Amino acid sequence: MPCGGAISTGCGRVYAELEDFFILPEATANSQPSWFGFLLTVRESAPFSRDEIVRHLNDRKIGTRLLFGGDLTRQPYMKNRHYRIHGKLTNSDRVMNQTFWIGVYPGLGAAELDYVISTIGDFCRARLATNRTSRP
């Protein structure tokens, strides 16, 4: 799990609160990466979309960025280009449609990290509660 740099103080808490809603990054074995961003992929089972959580975070002054990637053959540049695809690009589509970044850097303190973590956690819990009460 990415516990180096700016997010080290809240790492365990992040994973405990968010793993049911997001696919979370993991460091490669025997590595010590310097994380410049915290990558989140909204799970299929989450009671919200990537666009909803990104809008919520941006409205609360938590910067996000979409991950450039996924199925690059869907990008406008590829129109009228010759290429081939082997099999379905299910995971590429998932990354393109459900993944985003939250920036991190060593200057973030505990208060800033707590704000980010609680904002995401509160949103997830509220959407889960709304989803449960709106079912017949």
Side-chain angles (χ1 to χ4, degrees):
M1 91 179 107
C3 291
I7 61 174
S8 62
T9 57
C11 191
R13 182 172 157 212
V14 170
Y15 276 73
E17 288 201 29
L18 304 181
E19 64 187 347
D20 290 339
F21 304 102
F22 299 97
I23 299 169
L24 301 168
E26 294 183 26
T28 304
N30 301 316
S31 71
Q32 294 180 338
S34 177
W35 300 91
F36 66 89
F38 192 71
L39 190 71
L40 297 163
T41 300
V42 177
R43 291 189 182 275
E44 297 281 341
S45 59
F48 53 86
S49 70
R50 177 196 63 190
D51 292 342
E52 291 169 324
I53 183 72
V54 165
R55 189 171 25 258
H56 180 81
L57 295 173
N58 288 333
D59 287 348
R60 283 149 185 83
K61 309 297 184 207
I62 298 171
T64 64
R65 297 291 183 270
L66 301 183
L67 176 67
F68 177 78
D71 182 353
L72 296 180
T73 64
R74 295 179 188 252
Q75 299 298 323
Y77 172 81
M78 295 301 290
K79 186 176 182 181
N80 301 319
R81 303 271 179 202
H82 298 285
Y83 57 86
R84 67 186 178 109
I85 297 173
H86 178 75
K88 294 183 178 185
L89 300 177
T90 306
N91 287 330
S92 296
D93 289 336
R94 179 175 293 142
V95 166
M96 183 173 60
N97 295 314
Q98 294 172 236
T99 299
F100 68 99
W101 292 96
I102 296 174
V104 297
Y105 74 104
L108 292 175
E112 292 90 358
L113 293 170
D114 284 344
Y115 176 70
V116 171
I117 295 166
S118 65
T119 300
I120 296 171
D122 291 348
F123 175 84
C124 293
R125 285 186 297 278
R127 291 310 283 274
L128 186 60
T130 301
N131 197 35
R132 286 182 180 156
T133 60
S134 65
R135 290 184 183 161

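This structure is a prediction, so every number in the text was calculated from the model and none was measured.
- No continuous path of ILVMFWY side-chain contacts below 4.5 Å connects M96 to L40, so the two sit in separate hydrophobic clusters.
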Verdict with reasoning, I120 to I62, per side-chain contact (heavy atoms from CB on, under 4.5 Å): CA-CA 10 Å; I120 296 171; I62 298 171; 5.6 Å; no

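- For the pair S118 (side chain) and Y115 (backbone), a donor-acceptor distance under 3.5 Å is present.
- Here the closest non-hydrogen pair linking L24 and L18 is CD1-C, 4.2 Å.
- S31 meets the side-chain contact (heavy atoms from CB on, under 4.5 Å) test with A27, T28, P33; sequence neighbours excluded.
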Would you be so kind as to tabulate the donor-acceptor pairs closer than 3.5 Å made by side chains of residues 85-92, with sequence neighbours excluded?
residue	atom	partner	partner atom	Å
N91	OD1	R94	NH1	3.2

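- Proximity of a side-chain donor or acceptor of E52 to a complementary backbone N or O of S49 within less than 3.5 Å is detected.
- Residues L108 and G103 share a closest heavy-atom pair of CD1-O, 4.1 Å.
- By the side chain to side chain donor-acceptor pair (under 3.5 Å) test, R50 pairs with no residue at all, sequence neighbours left out.
- A side-chain donor-acceptor contact under 3.5 Å links Q98 to the backbone of V42.
- Of all heavy-atom pairs between F21 and A46, the closest is O-CB, 3.8 Å.
- For the atom pair CG (N58) and CD1 (I53), the distance works out to 10.0 Å, reported to the nearest 0.5 Å.
- The line from CG of D51 to OG1 of T64 is 10.0 Å long, rounded to the nearest 0.5 Å.
- In this view, R55 satisfies the side chain to side chain donor-acceptor pair (under 3.5 Å) rule with no residue, not counting sequence neighbours.
- Without hydrogens or angle criteria, R43 side chain to E19 main chain gives a donor-acceptor distance under 3.5 Å.
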Step-by-step side-chain contact (heavy atoms from CB on, under 4.5 Å) determination, D122 to R125: CA-CA 5 Å; D122 291 348; R125 285 186 297 278; 2.6 Å; yes

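- For the side chain to side chain contact (heavy atoms under 4.5 Å, CB included) with F100, the lone residue among L39, V54, L67 that qualifies is V54.
- Using bins of under 30°, 30° to 60° and over 60° for the plane-to-plane angle, the ring pair F123/H56 lands in the tilted bin.
- Applying the salt bridge (Lys or Arg N to Asp or Glu O under 4.0 Å) definition to pairs two or more places apart or across chains, none involves residues 61-70.
- Partners of R84 by side-chain contact (heavy atoms from CB on, under 4.5 Å), not counting sequence neighbours: none found.
- Test D114, D59, L57 against T119 for side chain to side chain contact (heavy atoms under 4.5 Å, CB included) and you get one pass: L57.
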Step-by-step side-chain contact (heavy atoms from CB on, under 4.5 Å) determination, V95 to T41: CA-CA 7 Å; V95 166; T41 300; 5.6 Å; no

Derivation and outcome, side-chain contact (heavy atoms from CB on, under 4.5 Å), residues F38 and V116: CA-CA 11 Å; F38 192 71; V116 171; over 6 Å; no

